[in-house]
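Read the structure below first, then the notes.
Computation of the quantities below employed the complete heavy-atom set of this structure, encompassing side-chain atoms and omitting hydrogens, waters and symmetry-equivalent molecules.
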Amino acid sequence: MKKVKGFIVPAIIFCIWWRGSELGLWNAYIIPHPMKVVNAFVILFKKGILFKHVTVSLYRALLGFTISFIFAFLLAISLSFSKNLLELLERILDFMRHIPPMALIPVLILWFGIGEMSKLAVIILATFFPIFLNTLSGIMCCDQKLIEVGKVFGFSKFHIYIKIIFPQAIPSIMVGARLGFGYSWRALIGAEIIAASSGLGYMILDAEQLSRPDIIIVGIFTIGILGSTMDYILFKCTNWFLHWEKQEQRGGENWLS
Amino acid sequence: MKKVKGFIVPAIIFCIWWRGSELGLWNAYIIPHPMKVVNAFVILFKKGILFKHVTVSLYRALLGFTISFIFAFLLAISLSFSKNLLELLERILDFMRHIPPMALIPVLILWFGIGEMSKLAVIILATFFPIFLNTLSGIMCCDQKLIEVGKVFGFSKFHIYIKIIFPQAIPSIMVGARLGFGYSWRALIGAEIIAASSGLGYMILDAEQLSRPDIIIVGIFTIGILGSTMDYILFKCTNWFLHWEKQEQRGGENWLS
Amino acid sequence: NRTNEETSASSVQSQVETINISYVTAPLNVPSIIEKNENLFEKEFGDIKINFPEITQGSKMTEAIATEDLDFCNALGGTSAIIGKVNGVDLKIVGIYSRAPKGFTIMTNDKNIQSVKDLKGKKIAGPKGTILHQLLIAAGNEANVSINDMKFIQMDIGNGVSSMMSGNVDAALVAGPAVIKAQEGGAHILRNGEGLLDATIVIGVRAGFLKEHPDLVEKYMHVHENALKIMEENEEKMVKMVAEETGVSVEEVKAMYPWYDFNPMITEKDIKELEKTQDFLFDNDMIPEKIELKTLLIEK
Amino acid sequence: MAQLVIRNLSKKFHIHNKEITALDNINLSINEGTFVTIVGKSGCGKTTLLKILCGLEEKTYGEITTNCKNIGIVFQEPRLMPWLTVEENMQFSLLERNHEQKYLVEKYLKLLDLYSFKDAYPSQISGGMAQRVSLGRTLCYNPDIILMDEPLGALDAFNRRKLQKEIIDLFLREKKTIIFVTHDVEEATFLGQRIVALDQGRMIKDISNNLEYIRKINDIDFLNIKEEILNAILRDVQG
Amino acid sequence: MAQLVIRNLSKKFHIHNKEITALDNINLSINEGTFVTIVGKSGCGKTTLLKILCGLEEKTYGEITTNCKNIGIVFQEPRLMPWLTVEENMQFSLLERNHEQKYLVEKYLKLLDLYSFKDAYPSQISGGMAQRVSLGRTLCYNPDIILMDEPLGALDAFNRRKLQKEIIDLFLREKKTIIFVTHDVEEATFLGQRIVALDQGRMIKDISNNLEYIRKINDIDFLNIKEEILNAILRDVQG
Ligand SMILES: Nc1ncnc2c1ncn2[C@@H]1O[C@H](COP(=O)(O)OP(=O)(O)OP(=O)(O)O)[C@@H](O)[C@H]1O
Ligand SMILES: Nc1ncnc2c1ncn2[C@@H]1O[C@H](COP(=O)(O)OP(=O)(O)OP(=O)(O)O)[C@@H](O)[C@H]1O
Ligand SMILES: [Mg+2]
Ligand SMILES: [Mg+2]
């Protein structure tokens with residue numbers, strides 16, 4: 001029942017789209033009739049083109065996300081360890097946080113070439129900060145009283161992190177990770193500006209250049225549906241793995257799932 | 001002293017840049033000599049062009065951020081109020097979260113034209129989710145025991161939110177707002193693809209078209225420095241306004257500031 | 001259909017309040033720069049407000065035409081015009097903006113590459129589905145190098161030049177001021193469009209607008225011709241204006257200006273060029289079908 | 001007329017599929033202006049009963065009727081807002097701040113010996129102080145029925161006796177209904193007009209205590225009542 | 001040889017620029033295997049003293065020397081990890097889990113009457129149970145010196161007496177040094193071999209209590225010692 005509810009709004013939007021197209025309420029060039037989009041989908045699907053693009057993009061987004069997650073996580077931990085490092089890096093990180101990755105593409109090409117590396121770099125630039133900042137804030141806002149318990153038991157810093165800080169910071173880290181994952185997907189377009197010949201972002205860019213709104217819409221739907229499905233699967237697994245249900249005991253609820 | 005520390009790393013990077021350019025370690029077409037960039041800056045500054053672009057972009061980013069913040073905040077509150085609404089909207093929100101705003105530009109043009117509205121829409125699409133998700137999670141993870149205190153005192157939902165939930169959710173909301181503000185800036189490039197004739201994003205795009213890497217770098221620096229300065233000012237003010245220092249009593253620290 | 005007629009009928013009576021003309025300065029759109037800087041349209045159209053949205057990408061311009069956010073494309077690549085029209089954008093060509101075979105080039109930063117022949121097996125970056133792409137294929141054919149023997153990499157001009165300068169690709173397709181900048185950076189031109197194609201850039205108008213206000217379209221063309229006249233009369237002053245606007249030095253503008261033929265008349269040769277362009281697009285799977293080019297041109 | 005009637009109240013919890021009967025068929029009818037103490041061992045269901053009375057916990061079975069809306073509770077843990085000072089915590093329940101209420105807050109700050117700490121944050125005060133702040137917060141709320149869950153638990157004998165007397169004073173002055181939970185039989189006997197003993201969720205004793213305030217803890221009647229309750233609870237332990 | 005020597009220990013706090021002397025020139029030297037109780041009114045500095053001893057709070061002045069590293073503390077509040085069950089909380093300090101330690105955890109679970117709640121989460125148990133879990137957690141840690149900050153505060157008389165006896169047993173069996181903080185003079189007298197009374201941060205009494213375990217609370221010697229401490233604290237109140 002709960003599952004069904006989530007599809008009411010999309011269904012309504014679809015109906016409006018259909019009727020509106022039939023009645024010619026909007027420009028068919030920009031928002032083509034659903035049937036045209038379905039046709040484009042069927043063709044792309046049958047030819048295996050869509051599948052190829054999806055695998056490539058999935059690979060890029062997941063890899064970029066994983067790398068960002070590892071880096072952001074380690075950096076957040078290091079900075080929470082050392083106030084010195086925090087002061088040393090905060091200015092430059094804050095600077096980086098405001099730079100549009102798109103503007104850096106020439107520099108990325110110079111450093112990483114036009115292969116996978118520079119595409120990954122764009123994805124990482126878009127993904128890094130939500131994970132980093134949410135993890136850092138989760139760690140920093142941890143209940144001092146519980147940390148004291150660990151200190152008294154002579155825990156090493158490592159064990160204090162593992163046994164006290166992380167369990168508390170998990171809600172924050174999860175928010176960061178989910179945001180980050182969303183941005184990984186979104187960054188595909190930016191990433192695949194750089195000399196791509198496959199991937200969903202490339203497919204959309206190419207369709208745009210060739211004025212094929214039906215393909216653009218197929219691309220948008222594929223990215224959106226695949227993204228939210230991946231997100232759902234990924235975090236159901238994580239939750240299961242982390243015995244997340246225990247969090248419920250604390251009054252925390254798992255949003256949007 | 002602490003302030004100075006933050007500038008060590010940028011200073012080192014600058015030195016490397018300078019020396020490397022003198023020695024011709026990299027392609028001057030992509031990373032021009034610092035002096036060339038400074039010259040470009042001086043010219044842009046003297047002519048008042050930079051100032052014009054900055055005001056326009058600042059206006060767009062701030063307006064987009066403000067609108068996003070208000071919407072995200074209100075939506076998060078509504079969803080935390082009503083489980084029904086949450087279930088109704090979660091699918092579509094999760095879908096939206098993964099769509100690249102760049103892919104939506106044709107649709108945005110159709111709906112909002114090529115004026116300010118569609119530029120704002122791109123910024124809002126990029127800014128909305130960090131604020132929304134962090135606010136929602138902050139509200140949801142609130143300590144149930146303290147909420148019970150409010151319930152016993154017969155507080156209305158409104159007062160429970162005002163007096164118990166928000167003060168606790170503030171660290172989360174702040175993370176969301178800062179992330180969101182970062183993405184507002186970053187989105188300028190994407191936004192100013194749409195028929196802009198001023199703004200920092202336009203300046204960079206234009207310089208790209210005219211192959212002027214020096215101007216691109218001036219643009220990157222202006223965006224980065226202005227962004228982190230704005231962020232600093234904005235949140236110092238907010239902290240002051242919210243008597244943030246009280247948070248320190250809880251062991252929470254204000255990161256990156 | 002009936003609704004369409006009704007709306008057009010009602011808007012015939014309504015006075016035009018604003019006209020939106022896209023403003024594109026690249027590669028070296030001298031007439032547009034003059035028109036805007038000298039307020040030529042404002043002078044001609046009187047009370048009507050003129051907007052100059054800076055939409056530079058061809059596909060974005062056709063989108064804006066489709067959504068009626070744009071009335072004129074001051075300089076639209078022939079390829080974009082055809083692609084848009086094939087996909088259902090109601091667009092007409094009212095004149096030729098420029099022909100500049102020399103303004104569109106294949107460049108390389110590699111001393112070992114001296115002719116198009118050497119591009120065999122090499123990586124070439126450039127914008128797909130554009131005049132430059134067409135140029136590459138045509139040049140390849142001329143030198144007996146099939147496009148399949150080259151590694152074509154889709155990129156816009158700016159990123160393509162960056163990739164070439166940083167050695168990540170062997171050659172790039174370049175047009176406009178970037179040619180000069182790349183030359184300054186050490187790259188050299190392998191081949192330009194001379195003898196291969198005309199690089200036709202057209203002036204486009206929204207078909208609906210044309211139908212309702214043919215008089216305004218005529219006025220537009222009149223301004224355009226006027227701008228060309230002003231250019232010839234005050235060359236020194238105008239070159240300076242152009243240099244300022246594009247960030248290119250006066251000498252460079254003077255060097256590039258002769259590459260461009262701004263005669264707005266649509267000649268038989270131009271139509272042939274457009275046919276050639278359409279063939280190129282069709283042969284390379286970038287349009288699903290061909291159209292009768294006449295439907296794209298304004299009826300005389 | 002009874003102000004609060006509890007009929008056949010039961011409460012079951014589930015922990016990992018194991019059922020726990022926290023309250024088992026409780027029947028109580030409390031008149032307006034009575035001082036009831038509830039005494040029992042750790043885990044016997046005292047807190048659960050109070051939580052159900054003030055609506056924070058659902059009952060599994062039974063009926064509760066009351067004619068008053070304003071029920072306040074002092075929680076077992078202080079539950080102070082960490083971002084508010086002692087004074088701000090005290091006036092937490094007051095949505096408007098007029099002269100009268102300012103006076104009230106000040107009064108309780110002094111009464112509870114907290115005045116010199118009014119600007120301190122919860123993390124800066126001792127455990128006993130925190131408990132006093134929590135008590136003061138509910139007193140400032142000024143409810144019709146006051147539920148108190150071991151409010152004097154963390155206090156030393158002196159402070160404890162002093163506050164017991166203050167609570168009796170408050171009771172005599174304002175004739176509020178007070179339901180006071182404690183694990184200390186002496187405290188229950190010292191305070192309550194009616195003493196209810198719980199064990200494993202069941203009511204095992206419900207006696208009235210008509211001794212006059214302030215009671216003498218070495219008085220023979222006092223000791224008798226205390227003994228009776230003690231025996232009831234102890235018997236239950238052995239039986 | 002003294003295991004723990006405290007010399008001229010002082011601690012000052014600042015609340016809004018107001019200086020508070022929490023500890024004022026404390027001198028104590030505690031031998032290995034002694035049971036020390038520290039008694040005093042709310043806010044007299046008991047918790048602060050323990051926190052400084054186990055290194056959680058900086059001292060303002062003075063010196064502390066000790067030859068043992070393993071100091072455990074039972075906090076005044078339970079401080080349980082909300083995401084762990086009772087059993088997991090009990091074994092929280094144990095980084096490896098071998099047979100011996102499993103046995104230890106089980107032993108204390110039973111001893112503290114928590115065995116049937118071992119799978120419950122902190123939010124599912126009563127206040128008294130939580131305090132017992134917290135006590136058990138530190139006992140499982142098995143430190144050389146055990147600091148206890150009112151560990152029996154939320155317990156009813158029966159559980160309290162039972163646990164007091166268990167603590168004495170533990171002490172007699174393992175000869176640990178125990179520093180036990182309480183606000184209950186009787187408890188202090190019942191447990192301590194040496195009783196230290198604090199008031200407003202100053203040591204006002206330091207007497208030894210050589211009565212044999214288990215002590216009788218109606219014994220005349222017992223009552224005398226209790227009286228002596230009570231008087232010291234009371235005198236201070238009046239003076
Ligand atoms: N972190 C702190 N910041 C400021 N003042 C503090 C802090 N911790 C304790 N104090 C002050 O030190 C004094 C002693 O506090 P302490 O917690 O040691 O009392 P206590 O003897 O444990 O009392 P109780 O029996 O109520 O727990 C109190 O006045 C308290 O306000
Ligand atoms: N939320 C809950 N979920 C599951 N079991 C609960 C919950 N709250 C209380 N219980 C159980 O109900 C029983 C009674 O608990 P309650 O808190 O009422 O005891 P109490 O009399 O207040 O004890 P104490 O004096 O130790 O505070 C206990 O066995 C406890 O484990
Ligand atoms: Mg209780
Ligand atoms: Mg204390």
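Residue Ile216(A) comes nearest to Ala103(B) through the heavy atom pair CG2-O, 4.0 Å, listed as atom of the first residue, atom of the second, then distance. Gly224(B) and Ile99(A) make their closest contact through CA-CD1, 3.7 Å (heavy atoms, listed as atom of the first residue, atom of the second, distance).
When side chains are defined from C-beta on, Trp26(B) does not count as touching Trp111(A), because their heavy atoms never get closer than 4.5 Å. Side-chain atoms of Glu208(B) and Pro106(A), non-hydrogen and from C-beta on, do get closer than 4.5 Å to each other.
Most heavy-atom pairs under 4.5 Å with chain B: of the set Pro130(A), Gly176(A), Ser80(A), Pro10(A), this distinction falls to Pro130(A). The residue among Leu188(A), Leu125(A), Ile105(A), Ile147(A) with the most heavy atom pairs within less than 4.5 Å of chain B is Leu125(A). Between chain A and the residues Pro101(B), Gly219(B), Gly138(B), the largest count of heavy-atom pairs under 4.5 Å involves Pro101(B). Residue with the most contacts toward chain B among Ala187(A), Gly182(A), Ala207(A): Gly182(A) (heavy-atom pairs, distance under 4.5 Å). Between chain A and the options Leu226(B), Ile189(B), Leu205(B), the largest number of non-hydrogen pairs under 4.5 Å is found for Ile189(B). The candidate with the highest count of non-hydrogen atom pairs below 4.5 Å against chain A, out of Thr229(B), Ile109(B), Ile217(B), Asn84(B), is Asn84(B).
Using the six-membered ring where Trp is involved, Phe181(A) and His98(B) have ring planes that are perpendicular, over 60° apart on the 30 and 60° scheme.
Separation of the Tyr183(B) and Tyr183(A) ring centroids falls under the 6.0 Å cut-off.
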Q: Would you please test Ile92(B) and Ile13(A) for side-chain contact (heavy atoms from CB on, under 4.5 Å) and show each step?
A: CA-CA 10 Å; Ile92(B) 191 83; Ile13(A) 292 175; 3.8 Å; yes
Q: Could you please spell out the steps behind the side-chain contact (heavy atoms from CB on, under 4.5 Å) verdict for Asn134(B) and Leu179(A)?
A: CA-CA 9 Å; Asn134(B) 274 290; Leu179(A) 275 171; 3.5 Å; yes
(Q) Show, in sequence, the C-alpha distance, side-chain angles and deciding distance for Arg91(A) and Tyr232(B), and conclude whether the side-chain contact (heavy atoms from CB on, under 4.5 Å) test is met. (A) CA-CA 10 Å; Arg91(A) 283 271 78 73; Tyr232(B) 187 81; 4.1 Å; yes
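Rounded to the nearest 0.5 angstrom, Phe95(B) CZ and Ile223(A) CD1 are separated by 9.5 Å. Interatomic distance, Leu133(A) CG to Met174(B) CE, rounded to the nearest 0.5 Å: 12.5 Å. Ser137(B) contributes atom OG, which lies 10.5 Å from atom CZ of Arg178(A) (distance to the nearest 0.5 angstrom).
Proximity to chain A is absent for every atom of Met230(B), based on heavy atoms less than 4.5 angstrom apart. For Ile30(B), the part lying under 4.5 angstrom from a heavy atom of chain A is the side chain only. For Ile8(B), the part lying near chain A is the side chain, with the backbone staying farther off; criterion is any non-hydrogen pair under 4.5 Å. When heavy atoms are compared at a cutoff of 4.5 Å, Ile204(B) approaches chain A solely by way of its side chain, counted from C-beta outward.
One N or O on the side chain of Arg186(A) and one on the backbone of Arg97(B) form a donor-acceptor pair closer than 3.5 Å.
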